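Okay, so here's the structure we're looking at.
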Amino acid sequence: MTTNRNDKVSEETGYTSPWIVERADPYVWKHNDGTYYFTASVPEYDRIVLRKATTIEGLVDAEETVIWRKHDTGEMGHHIWAPELHYIDDKWYVYFAAGKAEEIWAIRPYVLECVDADPITGTWVEKGKIELDFESFSLDATTFNHKGVQYLIWAQYKGDDSNIYMAKLANPWTIVGPQVLLSTPQYDWETQGHRVNEGPAVLVRNGRIFVAFSASATDHRYCVGLLEASEDSDLLDPSSWTKHPLPVFETNEETENFGPGHNCFTVAEDGVTDLIIYHARPYRDIIGGALSDPNRHARVQRFTWNEDGTPHFGKPGKAAAVTQ
């Protein structure tokens, strides 16, 4: 079953709905020159792609370039998942997860580097696997800089739980110091089908650092939760973080947004309007396995802020109302 883009701009969100079809785990980087770059998981899980445009809507029809392909053998040989593009110290980096060709579920985080100005035409070099404290299924690495320190946040299994961990980086592919547990599945909405916290995405505003994350199985029960900490706290102290007790973004049958999750954040062309980028399916029931269903489509909508300083994402397919 394949659902194609309907070429209509949604009155609710102001953007084409769905936005970019068959692209799960979407990630958008707005560069300092205003250019938008887009990457995501492709249904074949065999390559990393990039698009660029001067507008969010321009990414829909932008040419897609393959910047890297999986190996035929060994590490980085299967399940190429959830790439993210980052710009650190005047260089481009892609964080992604991959399995081994001969051991496809040995998923680990990896990094690519490009020193050229244009990440689409530039040369990408493999920096290898991010070495973690313990070996287990690990994915969805993201990075951010706060007060001059570069941090890595990722998801990793311990026992039956997929947890969120955090550490400092010595360089974009090397962890230094302790690796601390930020979040483990504890509420009912985090344990539907599987016990999952994954797909962390960082948002800094109002004196706080927010980490959105995805929870439960990757079907209609998939949803987004929220962690927060004071920007002045010790971010590597687990007690600095609070988890909101309810999901902040979940299935909306009215707009046919099922299982919204694995989001990122960016801003619109005006530099002010906040946007959440996420994927969701247009139907509830999946034929076959969740990973073999290609119709996790990338979507975009604006979000606003509550009076208490927390983000208000609205409902999937219905952007949060603009407040004065």
Side-chain angles (χ1 to χ4, degrees), residues 1-8 10 13 15-28 37-51 56-57 59-71 76-85 94-99 101 104-105 107 137 139-140 155 162 192-194 196 198-199 201 214-224 249-253 255-264 276-301 316-317:
M1 185 190 315
T2 299
T3 300
N4 294 319
R5 177 165 58 90
N6 61 19
D7 287 320
K8 293 182 179 179
S10 166
T13 67
Y15 292 95
T16 299
S17 181
W19 182 51
I20 299 178
V21 299
E22 296 189 355
R23 292 294 179 266
D25 314 321
Y27 190 84
V28 171
Y37 293 90
F38 171 87
T39 188
S41 298
V42 301
E44 299 80 10
Y45 307 132
D46 63 351
R47 63 195 186 275
I48 295 174
V49 299
L50 280 182
R51 304 182 186 195
I56 290 289
E57 273 293 275
L59 289 169
V60 174
D61 296 314
E63 180 182 359
E64 190 169 84
T65 299
V66 177
I67 63 165
W68 182 88
R69 292 187 183 273
K70 72 176 181 66
H71 293 188
M76 296 177 280
H78 208 282
H79 284 152
I80 309 305
W81 287 349
E84 290 194 4
L85 179 71
V94 168
Y95 291 79
F96 67 101
I104 65 174
W105 298 110
I107 308 293
F137 189 101
L139 72 168
D140 296 349
S162 174
Q192 299 299 304
H194 298 288
V196 172
E198 64 182 18
S214 299
S216 290
T218 55
D219 54 22
H220 66 278
R221 297 169 291 184
Y222 208 48
C223 61
V224 176
F249 209 55
E250 56 188 329
T251 286
N252 184 357
E253 295 191 9
T255 60
E256 298 181 335
N257 274 241
F258 294 90
H262 204 116
N263 72 282
C264 70
I276 181 171
I277 314 288
Y278 65 99
H279 73 232
R281 289 188 177 89
Y283 44 79
R284 177 188 178 97
D285 297 324
I286 301 170
I287 298 176
L291 285 177
S292 62
D293 181 295
N295 291 312
R296 291 182 294 174
H297 303 324
R299 301 165 187 266
V300 56
Q301 65 186 55

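Everything numeric here is computed off the predicted structure, so don't read it as measured data. Throughout, residue positions are numbered sequentially from 1 according to the sequence presented.
The two residues P260 and A280 have their closest heavy-atom pair at CA-CB, 4.0 Å. Nearest heavy-atom pair, R221 versus G193, reported as atom, atom and distance to 0.1 Å: NH1-N, 3.6 Å. Pairing each heavy atom of S41 with each of D25, the nearest pair is OG-OD2, 2.6 Å. Closest of all the heavy-atom pairs between A155 and S162 is CB-OG, 3.9 Å. Considering every non-hydrogen atom in both A97 and L139, the closest pair reads CB-CB, 3.7 Å. What you find for P316 and T255 is that their closest heavy atoms are O-OG1, 2.6 Å.
No side-chain heavy atom of Y283 sits less than 4.5 Å from a side-chain heavy atom of H220. Residues L50 and E64 form no side-chain contact, since every pair of their non-hydrogen atoms from C-beta on lies 4.5 Å or further apart.
Other residues, nucleotides and ligands place no more than 12 heavy atoms under 6.0 Å from the NE2 atom of H194. The 12-atom threshold is not exceeded at CD of E63, counting heavy atoms of other residues, nucleotides or ligands nearer than 6.0 Å.
In this structure E256 satisfies the side chain to side chain donor-acceptor pair (under 3.5 Å) test with no other residue, sequence neighbours excluded. Scanning for side chain to side chain donor-acceptor pair (under 3.5 Å) contacts around R69 gives an empty result, with sequence neighbours left out. Residues satisfying the side-chain contact (heavy atoms from CB on, under 4.5 Å) test with C264, not counting sequence neighbours, are Y27, V28, I277. Taking H79 as the reference, W81, W105 meet the ring-ring contact (aromatic ring centres under 6.0 Å, His included) condition, with sequence neighbours excluded. Contacts of H279 classified as side chain to side chain donor-acceptor pair (under 3.5 Å), with partners at least two apart in sequence or in another chain: none. Here Q301 pairs with T13, F249, I276, Y278, A319 under the side-chain contact (heavy atoms from CB on, under 4.5 Å) rule; sequence neighbours left out.
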Practice item. Tell me, with the steps shown, if R47 and I80 meet side chain to side chain contact (heavy atoms under 4.5 Å, CB included). Key: CA-CA 6 Å; R47 63 195 186 275; I80 309 305; over 6 Å; no
Practice item. Please lay out, stage by stage, how V60 and Y15 fare under the test side chain to side chain contact (heavy atoms under 4.5 Å, CB included). Key: CA-CA 10 Å; V60 174; Y15 292 95; over 6 Å; no
Exercise for review: Applying side chain to side chain contact (heavy atoms under 4.5 Å, CB included), run through T39 and F96 and close with a yes or a no.
Suggested key: CA-CA 11 Å; T39 188; F96 67 101; over 6 Å; no
Exercise for review: Check the pair Y45, I104 against side chain to side chain contact (heavy atoms under 4.5 Å, CB included), reporting the backbone distance first and the verdict last.
Suggested key: CA-CA 11 Å; Y45 307 132; I104 65 174; over 6 Å; no
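For the atom pair CD (E84) and CD1 (I48), the distance works out to 11.5 Å, reported to the nearest 0.5 Å. Taking CD1 from I56 and CD1 from I20, the interatomic distance works out to 8.5 Å, rounded to the nearest 0.5 Å. Separating the CZ atom in F258 from the CZ atom in R284 is a distance of 7.0 Å, to the nearest 0.5 Å. L85 CG to R51 CZ: the interatomic distance, rounded to the nearest 0.5 Å, is 14.5 Å. Atom CG of L59 is separated from atom OH of Y37 by 10.5 Å, given to the nearest 0.5 angstrom. The OG1 atom of T218 sits 7.5 Å away from atom CD of E198, with the distance rounded to the nearest 0.5 Å.
A distance-only check finds a donor-acceptor pair linking the side chain of T251 to the backbone of G259 [under 3.5 Å].
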